[in-house]
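Below is one structure, written out as structure tokens; the observations come after it.
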Amino acid sequence: MCGIVGAAASRDVVPFLVDGLKRLEYRGYDSAGIAVVAGEDVRRVRRTGRVSELEAAAAAEGLHAPLGIGHTRWATHGGVTESNAHPHISVGELALVHNGIIENHEQQRQRLQALGYAFESQTDTEVVAHLIHHYRAQGASLLGALQRAVKELHGAYALAVIDRRDPGVLVAARMGCPLLVGLGEGENFVASDVSAIVSATRRVIYLEEGDTAQVTRDAVQVYDAGDAPVVREVHVSDVSLASLELGPYRHFMQKEIHEQPRALGDTLEGIVDAGGFDPALFGKDAAEVLADVESVQILACGTSYYAGLVARYWIEAIAGLPCAVDIASEYRYRPVAATARQLVVTISQSGETLDTLEALKYAGSLGLVRTLAICNVPESAIPRASRLVFYTRAGAEIGVASTKAFTTQLVALFALTCVLARLRGRIDAAQEAAYLDELRHLPGSVQHALNLEPQIALWAEQFAPRQHALFLGRGMHYPIALEGALKLKEISYIHAEGYPAGELKHGPLALVDEQMPVVVIAPNDALLEKVKSNIQEVRARGGQMYVFADADSHFGPSEQVQVIRTPRHVGTLSPIVHAIPVQLLAYHVALARGTDVDKPRNLAKSVTVE
Ligand code: AGP
């Protein structure tokens, strides 16, 4: 959702801010703006729509300055208008950008109005600008005013502020929303996401909850929640500029689908290097935390939730542990019968999804302290709030539709299953070696599935004019049917539903006619014959079947039934391989329909609000 970038330098930072905002576009936004301190003035440009429009406006207005802040906004409080776009300016003196939500903005607004402040927007953010201005007017420094103001805010924020009276100073604060400081050569930065500043530096300090910071071009000083100066660790981010570029691809989603053999290989590296399913893969004290676990509770949203649904089959079958999987936004509001020795696993590509973070906190409030995060973004909020962490190594995922994050999450969850199984004596060394071997072959099998792209693109032409589609799967491939339906609806806007194939005659069969394409995931596993019967049920009602069948299943095409042969059945890891064709199908249908593949309407990459 919203994104922040700021810079203090000796060069003109406007091109850098615009470039940073472009790199934040993937998160989803509906307006953007930048403000700079130029000479003795604060100047600002804001636009609804794309950053490219903002760029043109900034050029037209001749905006140049060595200090500035920029923002992409995804509207929550107040509509998509220029006056609601950030930065917000108080009394022509200070400009501020904000990610998050200020819950007590109404009370603050009334108080500040009584003090004479005039409001120009309907946002919750504008109160923060005036509050800081108010404390400056009482004699506080810019940093001091920020530190006083944030203590009166309830809610979540990442803030960056500049003031025309302090031409070289940028101040920042973080609570509940990510914010980092970038350390450059003779210039320093703030950003909500490392991708915004990676063209200048990969050396970053992740601010902690309650931290504030003063950033000039020569110095950075961080303060803790008690306003005491503090030294925070400097990290070198492994996000590269190349990973943020499209290269030869048309869309990031296409690039990310094709990166999966590499992403899986990188994620597997630690596991294979460890020579087995060592609990230490999940953190230093993982052996102790996982040793006496009696059940597993998985919490996640969207695609990450579907990864959890696949994992349930593995955890129950291989580790022999009861496993529940909940949508985070449901779990966080329901009375839960918590059992003490339960492992709570959160899955999140971004590590920022508010519902997942809040569900994790709720689990903590119930006394569930064995927590593990599976995440793709280092130092993001969810892993920071968890005792154990596994970082998938998918690399930056820019397309809103999650692809490589999903398959690497599945690898992490499979490794977790095997660690739990080993700790419980459910697998012996030979079985462990066999699973490791399956993992080693996984990138190759995924590459085979990617090679199906030309055939899938032909199917996509037939899908493109449709309004609805059904996806069917059974057992651990049922979540892949759900994922296929989500991918299709998300980027092509075709209404799609995923169903366990056995549920067909309990309702969805009524939808089937010659206009309804039905995609079937048909791996060569113990349920294949059942799936074949389900296919006959659809065929008898005139439905058009599109079957992804393993090469060794001898599943042939027939009237109304088209078949694409996926690689030979890979056993337990089969859902990972079967995820690839449904991703490709969604991508090519979206392409044929001409939608905005990487930035589908109404969606954001990181969902940091409820
Ligand atoms: C997937 O294609 C989606 N864009 C979405 O469902 C996503 O998986 C969900 O919002 C969860 O995000 P997270 O993994 O970053 O927590």
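Counting convention: from 1, in listed order, for ligands and their atoms alike. Keep in mind it's a predicted model, so treat the numbers as computed, not measured.
Here Tyr29 and His71 keep their ring centres 6.0 angstrom or further from each other. Taking the six-membered ring for Trp and the full ring otherwise, Tyr435 and Trp314 have centroids separated by 6.0 Å or more. In this structure, the ring of Tyr206 has its center less than 6.0 angstrom from the ring center of His235. Remark: aromatic rings of Phe463 and Tyr546 are close, center separation under 6.0 Å. Taking the centre of each ring, Phe252 and Tyr26 stay at or above the 6.0 Å mark.
Of all protein heavy atoms, the one lying nearest to atom 10 (O) of ligand 1 is Val607 CG2, 4.1 Å. Closest to atom 12 (O) of ligand 1 among all protein heavy atoms lies Thr353 OG1, 3.5 Å. Taking atom 15 (O) of ligand 1 as the reference point, the nearest protein heavy-atom neighbour is Ser350 OG, 2.7 Å. The protein atom (non-hydrogen) at minimum distance from atom 9 (C) of ligand 1 is Cys301 O, 3.7 Å.
Distances below 4.0 Å separate heavy atoms of Ser304 from the following atoms of ligand 1: 8 (O), 13 (P), 14 (O). Residue contact check: Ala401 has heavy atoms under 4.0 Å from atoms 2 (O) of ligand 1. Atoms of ligand 1 found under 4.0 Å from any heavy atom of Ser348, numbered from 1 in the order shown, are 13 (P), 14 (O), 15 (O), 16 (O). Near Ser402, with a cut-off below 4.0 Å to any heavy atom, the atoms of ligand 1 are 1 (C), 2 (O).
Not a single N or O atom of Leu486, backbone or side chain, sits closer than 3.5 Å to an N or O atom of ligand 1. Annotation: Lys605 places no N or O atom under 3.5 Å from an N or O atom of ligand 1; distance criterion only. The shortest N or O to N or O distance between Gln409 and ligand 1 is not below 3.5 Å. Between Thr356 and ligand 1, no N or O atom pair is found at a separation short of 3.5 Å.
Under the 30°/60° scheme for interplanar angles, the aromatic rings of Phe277 and Phe414 are found to stand perpendicular.
By the 6.0 Å contact criterion, NE2 on His448 is open, its count of non-hydrogen atoms from other residues, nucleotides or ligands being 12 or less.
Counting heavy atoms from C-beta on, the side chains of Arg332 and Asp355 come closer than 4.5 Å.
Heavy atoms of Glu352 stay at 4.0 angstrom or farther from ligand 1.
Within the set Glu490, Lys487, Gln583, the minimum heavy-atom distance to atom 3 (C) of ligand 1 is found for Glu490. With Thr303, Val377, Ile382, Leu354 as candidates, the residue nearest to atom 5 (C) of ligand 1 on a non-hydrogen basis is Thr303.
For the pair Arg601 and Tyr493, the cation-pi criterion (under 6.0 Å, within 45° of the ring axis) is fulfilled.
Taking all atoms of both residues into account, the shortest heavy-atom contact from Gln297 to Leu299 is NE2-CD2, 3.6 Å.
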